[in-house]
There are 2 protein chains.
Amino acid sequence: MSIRLKDISDATSFSVNTVSRALRGDPRISEATREAIVRKAEELGYIPNAIAGIMRTNRSRTIGVVSADSSNPFFAEVILGIEEAARKLDHSILLINTEEKAENEREAIKLLLGRQVDGLVVFPVYDDPANLALYRSLEIPFLFAGRRVRGIEDHSILHGDVEGQIEVVDHLLDKGHRKILYIAGPENVSNTVDRLEGFREAYRRRGLEPDPDLLLSSSGHIEDSYAKLNLALNRGREFSAVVCFNDLVAIGALKSLFENDRSVPREVEVFGFDNLAISQFLRPSLSSVDVPKSRLGRLAVEELVAHIEDPEREYRTLRIKPRLVFRETTSDANPQS
Amino acid sequence: MSIRLKDISDATSFSVNTVSRALRGDPRISEATREAIVRKAEELGYIPNAIAGIMRTNRSRTIGVVSADSSNPFFAEVILGIEEAARKLDHSILLINTEEKAENEREAIKLLLGRQVDGLVVFPVYDDPANLALYRSLEIPFLFAGRRVRGIEDHSILHGDVEGQIEVVDHLLDKGHRKILYIAGPENVSNTVDRLEGFREAYRRRGLEPDPDLLLSSSGHIEDSYAKLNLALNRGREFSAVVCFNDLVAIGALKSLFENDRSVPREVEVFGFDNLAISQFLRPSLSSVDVPKSRLGRLAVEELVAHIEDPEREYRTLRIKPRLVFRETTSDANPQS
DNA sequence: GCTTTTAGGATTAACGTTATCCCAATGAGC
DNA sequence: GCTCATTGGGATAACGTTAATCCTAAAAGC
């Protein structure tokens, strides 16, 4: 059976209390005593029962992570940063996926609250009244990674969806493209809203109007994007550039373009968004908007832990700058730089 | 503050015990009472304190997942299956990465034990005396997903590394290839050992000997594989096929081949292993050995939970059959089929 | 009418920690 | 030699839940 403080107490004839304090490095315990206790603890292979500790202290050193879409490597890459940062700050991660469903998100949060997590990092849906109410009633720190929630302004770490998308479209308009196909992302996700807004804003700034026929929606996944672009091509849509909600969408689009004998980038230029790790190894390698995913995860954890440790700390939206990456799905390098 | 059973007890004037039992559906509580209590609990927004429950019952309904390499999508895909299966069986996941370090693996397990997980799914290193001792002393169920540990025979769910690799090499030898370059994977991982053994065995069966100059080692990642193959090409190594430890290695190899003007598959055929989700979208799309990753994860969890619920259950190695997938990095389809 | 059964619920004691309060011994200050 | 800190450690009470045991009416059996 597993060793408890009591067992060390019995073996050393110090009280349980003293053993506990010795192992936690309480200065009130003499060096000699501490050493004897620590040695005995190691000898017995003592592993502290974290559950009991959490119960007593009401501090779990655990961060609940509510991820959105497990089939998108973007989240995996951010979560990698989260896990690493959490480990460095001596916290554990409890991970749940919502598959972008508002209800799953609520359930996940309740489950995590029940497990007494100290804080939450969430990839939330954009607009849901019940979720909004839940977040407003939350008594532990929470942060939104790379996304916004309608109605909650200050809990986000954003990576410039609007600006990033403006830059892409601006670049293409600069190069003379006037028929740009846009494949948008999943419903009710701020990234979709913001990137679409960026797309539109870039046109607006030049007094131009995007062609509604060249605006496709998608689930944000490869297969759906592939199907949607096939459909558009079958309907005879003409365009010289495809701007995609994310890299997965771009991968599906590339497949469709290839199968429909559209040469990339000669006839059609393609942009993704997110700059996944694999995108540089596609052929042609994918031009994209780089989002520092690992940094986003790290930042989220560091900021969250700061909030956990200082409940008075004020929330404010943090912003990371995105950066265009030009590869083989676009011709030439950035004309500006 | 958060609502406890006590609060519901106060509000309904039933005892804490009755409230607890009513919420857990104990048959000894009358329907009327149960309903009143449940309604009040919902009204108050009661969220059970799982920590206290775990403390009392010594059952956490949590599975510790010790993953190996967070930068390899293979694990992400398996963990996806793990998470889904766990959720269906009403369990949570506690996830830690080891980055293939034996010591991290031990630390991860100790941390998870401290958190009172009910069982472990581990992607372990192959051969480490301290880890072996740790596993032997473990008092909770544990399973190795897709890997073996030297010295522990029955706790694995394997996916035919040896056979899969034999099949690949056999196929190539059938087609007349005699100069096959093999890029092996990371040290001290059973997959590396077994796939290499498969490679050798395929030669052995024909009374052939692989050329030691055509045997490269790698970390199992894109960049390293890319560098190693570049080096081999610079040294004038000649070969007509490259068999890779996994798909990431294959991606790096493809990049090197492309940059060195080796046409794939005309001059060089390439095989990966794992069949990552992205591999079908590479260009050329990658021929590989499909490992049912999601199923592996699901199976691991289902089997683990079976062990948790029946401590007497015997361990036995489970085996999943791999399947060759022929795509554009190999010429023709499978000659046999 | 009395006892026995049973439904329905209350009391109480854990689970392993940690925090609060307490005490004994030692030594310093006068 | 007395007081008073200081040091080092012990005793005890929580944390919120659940399990084991116990209680009490009312119904049922004779």
Side-chain angles (χ1 to χ4, degrees), chain A residues 1-38 40-41 44-62 110-118 139-140, chain B residues 1-38 40-41 44-62 110-118 139-140:
Chain A
M1 277 302 96
S2 59
I3 307 299
R4 300 154 303 156
L5 289 182
K6 180 76 170 55
D7 300 312
I8 303 175
S9 162
D10 290 348
T12 57
S13 66
F14 288 103
S15 74
V16 169
N17 185 354
T18 300
V19 173
S20 170
R21 291 210 292 228
L23 293 177
R24 279 177 294 140
D26 189 304
R28 294 183 53 186
I29 305 298
S30 72
E31 188 56 28
T33 307
R34 198 188 62 74
E35 207 164 291
I37 289 174
V38 166
K40 185 54 86 177
L44 295 176
Y46 173 67
I47 297 178
N49 184 328
I51 297 295
I54 294 168
M55 169 96 156
R56 181 65 234 256
T57 59
N58 214 20
R59 171 92 201 256
S60 65
R61 300 196 78 79
T62 303
K110 284 181 189 162
L111 191 150
L112 293 169
L113 290 178
R115 295 202 165 235
Q116 313 302 115
V117 296
D118 293 335
E139 289 170 351
I140 59 171
Chain B
M1 280 298 99
S2 59
I3 308 298
R4 299 153 304 154
L5 289 182
K6 180 77 169 56
D7 301 312
I8 303 175
S9 162
D10 290 347
T12 58
S13 63
F14 289 103
S15 76
V16 168
N17 183 0
T18 301
V19 173
S20 170
R21 292 213 292 229
L23 291 177
R24 280 177 293 140
D26 189 304
R28 294 184 51 185
I29 304 297
S30 72
E31 188 54 27
T33 306
R34 199 189 60 75
E35 207 164 292
I37 289 174
V38 167
K40 184 56 84 177
L44 295 176
Y46 173 66
I47 296 178
N49 184 328
I51 296 296
I54 294 168
M55 171 94 155
R56 182 62 236 260
T57 60
N58 214 21
R59 171 92 200 256
S60 65
R61 299 196 78 80
T62 302
K110 283 183 189 161
L111 191 148
L112 293 169
L113 290 178
R115 293 198 168 240
Q116 312 302 115
V117 297
D118 294 334
E139 289 169 352
I140 59 172

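Order of the sequence lines sets the chain letters (A, B, ...), proteins ahead of strands, with each chain counted from 1.
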Q.
Return whichever of B:Arg34 or A:Pro48 has its heavy-atom-nearest nucleotide of DNA chain C closer to the 5' end.
A. B:Arg34
Q) Is B:Ser15 touching bases, backbone alone, or none of the nucleic acid, heavy atoms closer than 4.0 Å? A) base
Q: Scan B:Ile29 against the nucleic acid and name what it touches under 4.0 Å (heavy atoms): base, sugar-phosphate only, or nothing.
A: sugar-phosphate
(Q) Keeping A:Thr62 on the side-chain end and A:Ser60 on the backbone end, is there a donor-acceptor pair under 3.5 Å? (A) yes
Q. Among C:dG16, C:dT18, D:dT17, which is the nearest nucleotide to the side chain of A:Ala52?
A. C:dG16
**Q.** Of the listed nucleotides C:dG16, D:dG8, D:dT18, the one nearest the side chain of A:Thr33
**A.** D:dG8
Q. What integer distance in Å separates A:Arg4:CZ from C:dT17:P?
A. 8 Å
(Q) Has A:Ser20 got a side-chain atom pairing as donor or acceptor with A:Val16's backbone, closer than 3.5 angstrom? (A) no
Q. With a 4.5 Å heavy-atom cut-off, do B:Thr33 and B:Thr12 have their side chains touching?
A. no
(Q) Can you identify which nucleotide, out of D:dA19, C:dT17, C:dA10, has its nearest atom closest to the B:Arg24 side chain? (A) D:dA19
Q.
Heavy atoms from C-beta onward define the side chain here; which of D:dG16, C:dG16, D:dT18 lies closest to that of B:Leu5?
A. D:dT18
Q. Is the shortest heavy-atom distance from the side chain of B:Val117 to the side chain of B:Ile140 under 4.5 Å?
A. yes
Q) Where the side chain of A:Ser20 is defined as all heavy atoms beyond and including C-beta, which of D:dA19, D:dG16, C:dT18 is the nearest nucleotide? A) C:dT18
Q. Counting only side-chain N and O atoms of B:Thr57, is one of them less than 4.0 Å from OP1 or OP2 of D:dT18?
A. no
(Q) Taking the minimum atom-to-atom distance to the side chain of B:Arg21, which one of C:dG8, D:dT18, D:dT21 wins? (A) D:dT21
**Q.** Gap between atoms CD and P, on A:Gln116 and D:dC15 respectively (whole Å)
**A.** 13 Å
Q. If you check the A:Asn49 side chain, which of C:dT11, D:dT18, C:dT17 turns out closest?
A. C:dT17
Q: Could you tell me whether B:Arg59 and B:Asp118 make a salt bridge, using a distance below 4.0 angstrom between a side-chain N and a carboxylate O?
A: yes
Q: Starting at atom CG of B:Asn17, determine the distance to atom P of D:dG16, rounded to an integer number of angstrom.
A: 17 Å
(Q) Tell me the interatomic distance from B:Arg59, atom CZ, to C:dA14, atom C1', rounded to whole angstroms. (A) 20 Å
Q: Round to a whole Å and report the spacing from OH of B:Tyr46 to P of D:dG16.
A: 10 Å
Q.
Nearest to the side chain of A:Val16, heavy atoms from C-beta on, is which of C:dG16, D:dA19, C:dT18?
A. C:dT18
**Q.** A:Arg56 CZ to D:dT17 C1', straight-line distance once rounded to whole Å
**A.** 16 Å
**Q.** Length of the CD1-C1' vector between A:Ile8 and C:dT17, whole Å
**A.** 12 Å
Q: Would you kindly give the CG-to-P distance between B:Leu113 and C:dG16, to the nearest whole Å?
A: 15 Å
